[in-house]
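Note that the numbering runs from 1 along the sequence shown for the chain. Atom set for the values below is all heavy atoms of this structure, side chains included, hydrogens, waters and symmetry mates excluded.
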Amino acid sequence: MMKMKTIYYLLLFVLGCGLMSCYDDKSTYDTKEIPNVELDLNGVSETQYVAYLGKLHIDIPVKKNGIPDHPDLEYKWEIELSSSAELREVLSNERVLDTIAAMPILASGYTLTLEVTDKASSLKYYSVFSLVVESQFGEGIIVAHSRDGVTSDLSLIMDKDITKGFAGTEKIQYDDIFTSKGEPLEDWIDQVAYTVSGATWSTYQNILWMAGRNGLFRADCRDYSFLETGKIIPFVTETYTSGHFYLAPQTTILVMNNQVYQHLRQNDAIFIKPEVVSDLGGLQSNYVDNRVVAAATGDGTHSSGSSIWYDSQVGRFGRFNGAFSQNKCSLYSSSENDDNFPFDPSAVAGKEAVAGGFMNSSSLVMVLKDKVSGEYSIYTFFTKNQDYTLVNPTPSYLYSVPAAIKDLLDRSVSICFSTVDPIMYVATAREIHAVRLNIDGSLASSLKYTAAAGENITILKFYTQGRYNVNSEDFDSDTESLLTLPLNTKAVMMATQASDSEGYVYLIPQKDPGTGNLDEEKQVKYDGFGKISDITAQGR
């Protein structure tokens, strides 16, 4: 079809020149033979497909009078980026188009034109294509890292056990995404979080939140273009300090300046500060100690956005009651305490928050440290009752931490929780230990992993597939197939550093369900990173 189009254009041109030649024959002007310039489009598709930031390569042989690459010929590859604005860009002046597709993703296709000019005759020849730019980025592990120790960039790991539909045999790692686009991020990224945003199912976007030291960023996961960066926190009244994100169904919670903000998917780009608590003699507080929140994930929680934190200003637990609750933020009051509770959530004074998470499909967990004695306690809250009905977080267990586990917590660099088992993983600089929270109120720990020589552990996270972690049932009709990636909720992600410029990411599968055992023999190591500041599982 493309060959026919090109020939058609040339025939019209030849016909016009032929008529002019007939007229000229009756005059005294010289006549010249039109040179034979051929564009060979055999095997070249009229529609070209390319991955965003992938290599765009089109090789069209061109001859003049049977001579390939004739010195009389000049070339221009031009793309129409916007027909309404008449915005065009020259991609190359070589016969063979060989460039990186950095134009925005467009399923409907751009108009791409090859213009061949014969300098001897000033005649021009054209071939026109439709260029469809597709996203090359899928599910995987996002790595926020820095190569200069000052500014950060992102890399994406895609592999057979963490990327749906991945058919390759090689691990794919897209390095320095922003730099490769010519849009370096002039900030250090402290934390990244994947979620879904949009008012309706048809408008959902896969997005990545990034908390920098100087502000917040929001990127579209199709091409990592920045979205509405200036409107993310329009209601903040204090000087910005680095934020931290927590995912809950239908809601993303941002802790910034130790205060709670919420992003509803219907709000799109905006984080809103929920109402403050003012039931304690006029004291207003929704203060989150050390930015630590325990948030229910999407695993079976449906529309519940249950989350808790420790408010060290008043010595009480606070809670976020869900996306559609009228009273979103509240502190536990003494009137809510029940004699059957293992602890009074409204009377927990003198502590500081160490870690928080969602465990065993139904429990929120908070690890607190006494500011005076240095002793640790672990507080758990049910999010479901015995009939598996969703409830506001209700005190369930209180664990006293023995000396051996206290030593682990004192030396810990990262703590995470299994969303499917009563297991807390504690990483020190060189080891990973599994601490089991037993229903009799006791704790048991055992060594599960030792880091490679010369590497120190910096980050440990329980691996849950990105869309699964924000409740896949809300977004996908193919829930079962979505949840069948081999390592979903069956592995931990770990970042290590051999030096400030040499970082690694590991995916370590579990074995023997319920034990916290890690299968070192089946671990996968990804290298080539700088100083890693955070890792997260990205959905599709």
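- Nearest heavy atoms, Ser307 versus Ile253: OG-CD1, 3.3 Å.
- Within the structure, salt bridge (Lys or Arg N to Asp or Glu O under 4.0 Å) contacts touching residues 350-363 (residues at least two apart or in different chains) are Lys351-Asp370.
- Legend: residues meeting side-chain contact (heavy atoms from CB on, under 4.5 Å) with Asn258, ordered by chain and number and at least two apart, are Tyr287, Arg291.
- Remark: Tyr310 pairs with Phe317 by the ring-ring contact (aromatic ring centres under 6.0 Å, His included) rule, at least two apart or across chains.
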Carefully, step by step, assess Leu518 and Gln510 under the rule side-chain contact (heavy atoms from CB on, under 4.5 Å). CA-CA 4 Å; Leu518 299 176; Gln510 291 179 314; 4.0 Å; yes
Residue pair Leu53, Lys181: steps toward the side-chain contact (heavy atoms from CB on, under 4.5 Å) verdict: CA-CA 7 Å; Leu53 293 184; Lys181 294 170 55 181; 3.7 Å; yes
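- Interatomic distance, Thr252 OG1 to Phe245 CZ, rounded to the nearest 0.5 Å: 8.5 Å.
- With hydrogens and angles disregarded, a donor-acceptor distance shorter than 3.5 Å links the side chain of Gln538 to the backbone of Gly138.
- With sequence neighbours excluded, the residues forming a side-chain hydrogen bond (donor to acceptor under 3.5 Å, both in side chains) with Tyr449 are Gln523, listed by chain and number.
- Among residues two or more places apart in sequence or in another chain, the side-chain hydrogen bond (donor to acceptor under 3.5 Å, both in side chains) test is passed with Asp410 by Tyr376, Lys406.
- The salt bridge (Lys or Arg N to Asp or Glu O under 4.0 Å) analysis of residues 444-463, with sequence neighbours excluded, yields the pairs Glu455-Lys525, Lys461-Asp534.
- When side chains are defined from C-beta on, Val435 does not count as touching Leu409, because their heavy atoms never get closer than 4.5 Å.
- Here the CD1 atom belonging to Ile459 is positioned 9.5 Å from the CE atom belonging to Met493, to the nearest 0.5 angstrom.
- The aromatic ring centres of Tyr52 and Tyr224 sit 6.0 Å or more apart.
- In terms of heavy-atom proximity, Gly243 sits nearest to Leu254 at CA-CD1, 4.0 Å.
- Using a 4.5 Å cut-off on side-chain heavy atoms (C-beta onward), Leu154 and Ile189 make contact.
- Proximity of Ser197 to Arg218: side-chain heavy atoms (C-beta onward) are separated by under 4.5 Å at one or more points.
- The line from CG of Leu131 to CE of Met103 is 6.0 Å long, rounded to the nearest 0.5 Å.
- Side chain of Glu94 to backbone of Trp77: no donor-acceptor contact under 3.5 angstrom is found.
- The distance from atom CG of Leu156 to atom CD1 of Ile177, rounded to the nearest 0.5 Å, is 5.5 Å.
- Between Met366 and Ala353, the closest heavy-atom pair is CE-CB, 4.2 Å.
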Report the C-alpha separation of Val293 and Phe320 in whole Å, then their side-chain angles, then the decisive distance to 0.1 Å, and conclude whether the side-chain contact (heavy atoms from CB on, under 4.5 Å) test is met. CA-CA 10 Å; Val293 169; Phe320 183 86; over 6 Å; no
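- Rounded to the nearest 0.5 angstrom, Met256 CE and Ile233 CD1 are separated by 4.0 Å.
- Distance alone, capped at 3.5 Å, is enough to place a donor-acceptor pair between the Asp220 side chain and the Arg222 backbone.
- Within the 4.5 Å cutoff, the side chain of Thr450 has heavy atoms near those of the Arg430 side chain.
- Here the closest heavy-atom approach between residue Val132 and residue Ala107 is recorded as CG1-O, 3.7 Å.
- In terms of modelled atom types and a separation under 3.5 Å, the side chain of Tyr463 and the main chain of Pro509 share no donor-acceptor contact.
- Exactly one of Val192, Leu216, Thr195 qualifies for a side chain to side chain contact (heavy atoms under 4.5 Å, CB included) with Trp209. That residue is Thr195.
- The minimum heavy-atom distance between Ala434 and Tyr425, with the atom names listed, is CB-CE2, 4.0 Å.
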For Leu460 and Ile432, run side-chain contact (heavy atoms from CB on, under 4.5 Å): C-alpha distance rounded to whole Å, both residues' side-chain angles, the deciding distance at 0.1 Å, then the answer. CA-CA 9 Å; Leu460 186 69; Ile432 299 175; 3.7 Å; yes
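- For residues 502-540, the pairs satisfying ring pair (Phe, Tyr, Trp, His ring centres under 6.0 Å) are His145-Phe529, with sequence neighbours left out.
- Note: Tyr174 and Phe137 have perpendicular aromatic rings, judged against thresholds of 30 and 60 degrees for the angle between ring planes.
- With no hydrogens or angles considered, a side-chain donor-acceptor pair links Asp148 and Ser146 at under 3.5 Å.
- For His244, the ring-ring contact (aromatic ring centres under 6.0 Å, His included) partners are Tyr246, not counting sequence neighbours.
- Although no hydrogens or angles enter the test, the distance criterion places no donor-acceptor pair under 3.5 Å between the side chain of Asp153 and the main chain of Pro184.
- Across every non-hydrogen atom of Ser396 and Thr380, the tightest pair is OG-OG1, 2.7 Å.
- For Thr99, there are no side-chain hydrogen bond (donor to acceptor under 3.5 Å, both in side chains) partners at least two apart in sequence or on another chain.
- The shortest side-chain heavy-atom distance between Ile532 and Gln497 falls under the 4.5 Å cut-off.
- Identified under the salt bridge (Lys or Arg N to Asp or Glu O under 4.0 Å) test for residues 495-514, with sequence neighbours left out: Asp500-Lys531.
- Under the side-chain contact (heavy atoms from CB on, under 4.5 Å) criterion, Thr163 pairs with Met158, Phe166, sequence neighbours left out.
- Residues Trp309 and Asp289 form no side-chain contact, since every pair of their non-hydrogen atoms from C-beta on lies 4.5 Å or further apart.
- By the side-chain hydrogen bond (donor to acceptor under 3.5 Å, both in side chains) test, Tyr194 is found to be paired with Asn206, Arg467, residues two or more places apart in sequence or in another chain being considered.
- Between the side chain of Asn214 and the backbone N or O of Asp187 there is no donor-acceptor pair closer than 3.5 Å.
- One distance of note links NZ of Lys164 with CG of Asp161; it measures 15.0 Å at 0.5 Å rounding.
- No hydrogens or angles considered: nothing links the side chains of Thr179 and Arg147 as a donor-acceptor pair under 3.5 Å.
- Residue Lys160 places its NZ atom among 12 or fewer non-hydrogen atoms of other residues, nucleotides or ligands, all under 6.0 Å distant.
- Between the side chain of Asp311 and the backbone N or O of Gln313 there is at least one donor-acceptor pair closer than 3.5 Å.
- Within the 4.5 Å cutoff, side-chain heavy atoms of Leu437 are placed close to those of Leu443.
- Side-chain contact between Leu208 and Thr536 is present, with at least one heavy-atom pair separated by less than 4.5 Å.
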